[in-house]
Peer 1: 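For reference, the structure I am asking about is given below.
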Amino acid sequence: MSEVDLSGEKGWQPFDAPALVGSSLRFVSGDPEGDRFRVSYYRKPDSALVARIWFGPETEGPPEHAHGGSMAAVLDEVLGLAAWSAGYAIVVANLNINFRCLLPIMQVVQVDTEIVSVDGRKVLVRGKIWDGQEKVYTEADCLCIEIQAV
Ligand SMILES: CCCCCCCCCCCC(=O)SCCNC(=O)CCNC(=O)[C@H](O)C(C)(C)COP(=O)(O)OP(=O)(O)OC[C@H]1O[C@@H](n2cnc3c(N)ncnc32)[C@H](O)[C@@H]1OP(=O)(O)O
């Protein structure tokens, strides 16, 4: 497979997910040379977590487009990690996804995240998979629940 450019934008700081949550998180980001997902995480200057993600041929659902479950897996990981990176040790309790447009595979897209609210143990994270310019493929609200860190 050819080189995939997952570089971030000026001012984004690389974010080391395994250093924060451990090496168990391999389903989406565990095979950086593979044919499924390739992922790089960053923090923006406002410290929001952002990801650059390549959906490889093994994520295919509709011909030449990403399987909905592959997008769900990405959103589960990235939005959950956004809560962790903001200081909340959580698991995801509810993930509500709207698929807006078919997402072509074999291209790099971006996941942006935002911590919307914190209410006791409940942390609501919102995110989207988009082209980084204007085209939104998928939007999600993710309810995370704080747990005792393991
Ligand atoms: C570990 C290292 C990882 C390290 C890796 C971290 C990376 C993160 C990215 C990966 C994320 C995942 O995939 S995690 C894997 C997928 N997720 C799971 O398998 C989670 C399975 N579910 C659970 O374990 C449990 O249901 C919990 C922990 C989420 C909640 O159980 P609990 O601790 O008993 O809390 P509970 O009292 O039920 O709920 C607390 C409050 O949240 C509300 N609440 C709970 N669930 C829901 C819900 N689905 N929808 C609405 N509201 C809900 C309750 O009403 C309550 O509100 P109130 O009465 O207080 O108002």
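Note that this is a predicted model, so its numbers are computed, not measured. For this chain, numbers begin at 1 and follow the sequence in order. Read the numbers this way: they start at 1 and go in the same order the structure lists the ligands and their atoms.
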Peer 1: For atom 28 (C) of ligand 1, which of Leu81, Leu79, Asp76, Val91 has the closest heavy atom?
Peer 2: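 It is Val91 that holds the nearest heavy atom.
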Peer 1: For His67, look at atom NE2 and say whether over 12 heavy atoms of other residues, nucleotides or ligands are found less than 6.0 Å away.
Peer 2: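 Result for NE2/His67: open.
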Peer 1: Checking the side chain of Arg121 only, and the main-chain atoms of Glu146 only, is there a donor and an acceptor separated by less than 3.5 Å?
Peer 2: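 Confirmed, Arg121 side chain pairs with Glu146 backbone.
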Peer 1: Suppose I only count heavy atoms of Glu77 and a 4.0 Å limit; which atoms of ligand 1 are within that range?
Peer 2: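 Selected atoms, number and element: 9 (C).
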Peer 1: Would you say Arg121 and ligand 1 have an N/O pair spaced under 3.5 Å apart?
Peer 2: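 The answer is yes, given that Arg121 and ligand 1 share an N or O pair closer than 3.5 Å.
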Peer 1: N/O of Lys122 under 3.5 Å from N/O of ligand 1, yes or no?
Peer 2: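 Yes; at least one N/O pair falls below 3.5 Å.
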Peer 1: Which is closest to atom 29 (C) of ligand 1 in terms of heavy atoms, Gly120, Ala93, Cys144?
Peer 2: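 Result: the heavy atom closest to atom 29 (C) of ligand 1 is in Ala93.
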Peer 1: Using a 3.5 Å distance criterion without hydrogens, assess whether the side chain of Arg36 forms a donor-acceptor pair with backbone atoms of Glu58.
Peer 2: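 Such a contact is absent between Arg36 side chain and Glu58 backbone.
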Peer 1: Out of Ile147, Asp119, Val92, Ile145, whose heavy atom sits nearest atom 20 (C) of ligand 1?
Peer 2: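 When every heavy atom of Ile147, Asp119, Val92, Ile145 is considered, Val92 comes closest to atom 20 (C) of ligand 1.
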Peer 1: I'd like to know if the side chain of Tyr42 and the backbone of Trp12 have a donor-acceptor N/O pair within less than 3.5 Å.
Peer 2: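 No, Tyr42 side chain to Trp12 backbone: no donor-acceptor pair under 3.5 Å.
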Peer 1: Do the charged groups of Glu114 and Lys128 touch, with an N to O distance under 4.0 Å?
Peer 2: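 A salt bridge is absent here (no side-chain N lies under 4.0 Å from a carboxylate O).
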